[in-house]
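Here's the structure, in structure tokens; my notes come after.
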Amino acid sequence: KNQVEQSPQSLIILEGKNCTLQCNYTVSPFSNLRWYKQDTGRGPVSLTIMTFSENTKSNGRYTATLDADTKQSSLHITASQLSDSASYICVVSADRGSTLGRLYFGRGTQLTVWP
Amino acid sequence: DTAVSQTPKYLVTQMGNDKSIKCEQNLGHDTMYWYKQDSKKFLKIMFSYNNKELIINETVPNRFSPKSPDKAHLNLHINSLELGDSAVYFCASSQVLTGELFFGEGSRLTVL
């Protein structure tokens, strides 16, 4: 069964600290994995995309990693800011050819950054 | 300027009523979606349209009827609203099925 599991469910950190969010998936055949950020009361916005051949990708203070062998991804946030408080959602795409390009969503990690 | 816009942003209505939510995208994308986000923030696909044709229908009750008059619009009509329909509904679009999703701001539906 194609699933996406995220951990932790919620996380509270102090401003300026680093944190790492995890995403494990069983989606197959794998096409790509995206991390989205959803601010309260807003729609999710894509932060980064990871394809099969990519191990690490950075977008400012956000760094995503992918281990396609163990089917794990992480999102590392460096020097957190209050504006990082949001829900972070991991979305995995199944290969378009065999499963009509389905998307599988994790339940998200709710990050709260305190001053 | 808004890429994906949906209206209304808030909707409060009584059980049994019929309501519609409208969505428009100006990104030139071929694929549009409706997602339902429950109280636990889980996003669940409801429908997907590609070039005005329905391609995904995720066992949604037939009280929900999407309509796509053209590839830039995907509206959602809900008949006989129930308490369990209370949620935030997100419209989204993408260039291809596995592409980046661009979401609207959401429509919060409250059924009393």
Side-chain angles (χ1 to χ4, degrees), chain A residues 2-11 21 23 25 27-52 57 59 64 85-112, chain B residues 2-11 21 23-25 27 29-51 53-59 74 87-110:
Chain A
N2 290 317
Q3 285 186 314
V4 178
E5 301 284 344
Q6 290 188 244
S7 62
Q9 188 175 351
S10 61
L11 184 60
L21 314 180
C23 175
Y25 61 93
V27 176
S28 182
F30 175 86
S31 177
N32 62 64
L33 181 150
R34 291 181 189 272
W35 284 94
Y36 287 81
K37 179 187 180 192
Q38 184 177 16
D39 292 319
T40 301
R42 309 293 297 272
V45 175
S46 177
L47 289 174
T48 186
I49 176 174
M50 304 295 290
T51 57
F52 189 86
K57 186 181 285 186
N59 177 5
S85 294
S87 177
Y88 292 84
I89 303 168
C90 176
V91 181
V92 182
S93 297
D95 183 76
R96 183 178 182 178
S98 60
T99 54
L100 297 178
R102 298 300 294 269
L103 298 177
Y104 296 89
F105 284 71
R107 290 185 172 272
T109 292
Q110 182 64 47
L111 174 66
T112 304
Chain B
T2 305
V4 181
S5 59
Q6 50 183 114
T7 55
K9 191 169 174 65
Y10 299 97
L11 195 50
I21 307 173
C23 179
E24 175 182 6
Q25 55 98 1
L27 296 167
H29 288 164
D30 288 340
T31 309
M32 294 186 73
Y33 313 78
W34 277 109
Y35 284 88
K36 180 180 180 181
Q37 188 169 49
D38 59 25
S39 56
K40 295 187 177 178
K41 298 285 198 82
F42 182 53
L43 274 164
K44 189 172 179 184
I45 181 75
M46 298 175 68
F47 300 102
S48 173
Y49 270 72
N50 185 269
N51 276 321
E53 289 193 22
L54 179 67
I55 52 173
I56 295 175
N57 180 343
E58 283 292 314
T59 60
L74 181 61
V88 181
Y89 292 85
F90 284 97
C91 177
S93 73
S94 65
Q95 186 56 47
V96 295
L97 275 173
T98 54
E100 179 181 356
L101 291 168
F102 291 81
F103 286 87
E105 295 290 273
S107 296
R108 180 175 292 277
L109 171 65
T110 303

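Letters A, B, ... mirror the listed sequences (proteins, then strands); counts begin at 1.
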query = Hey, mind stepping through A:T48 and A:N59 against side-chain hydrogen bond (donor to acceptor under 3.5 Å, both in side chains) and telling me if it holds?
reply = CA-CA 7 Å; A:T48 186; A:N59 177 5; over 6 Å; no
B:Y33/B:S94 under side-chain hydrogen bond (donor to acceptor under 3.5 Å, both in side chains): CA gap, chis, key distance, verdict = CA-CA 9 Å; B:Y33 313 78; B:S94 65; 2.7 Å; yes
key: Contact class of B:K44 relative to chain A, heavy atoms under 4.5 angstrom   = neither
ask   = Using a distance-only test with no angle check, is there a side-chain donor-acceptor pair under 3.5 angstrom linking B:N50 and B:T31?
value = yes
ask   = Checking heavy atoms, do the side chain of A:R42, its backbone, both or neither come under 4.5 Å from chain B?
value = both
query = chain B heavy atoms under 4.5 Å from A:Q9: which part of the residue, side chain, backbone, both or neither?
reply = neither
key: Axial cation check for B:F42 ring with A:R107, 6.0 Å and 45° limits   = yes
Per-residue contact mode, B:F102 against chain A (heavy atom under 4.5 angstrom) = neither
ask   = Do the ring planes of B:F103 and A:Y36 sit parallel (below 30°), tilted (30 to 60°) or perpendicular (above 60°)?
value = perpendicular
Top contributor to chain B contacts, counting heavy-atom pairs under 4.5 Å, from A:G108, A:S46, A:S87, A:G41 = A:S46
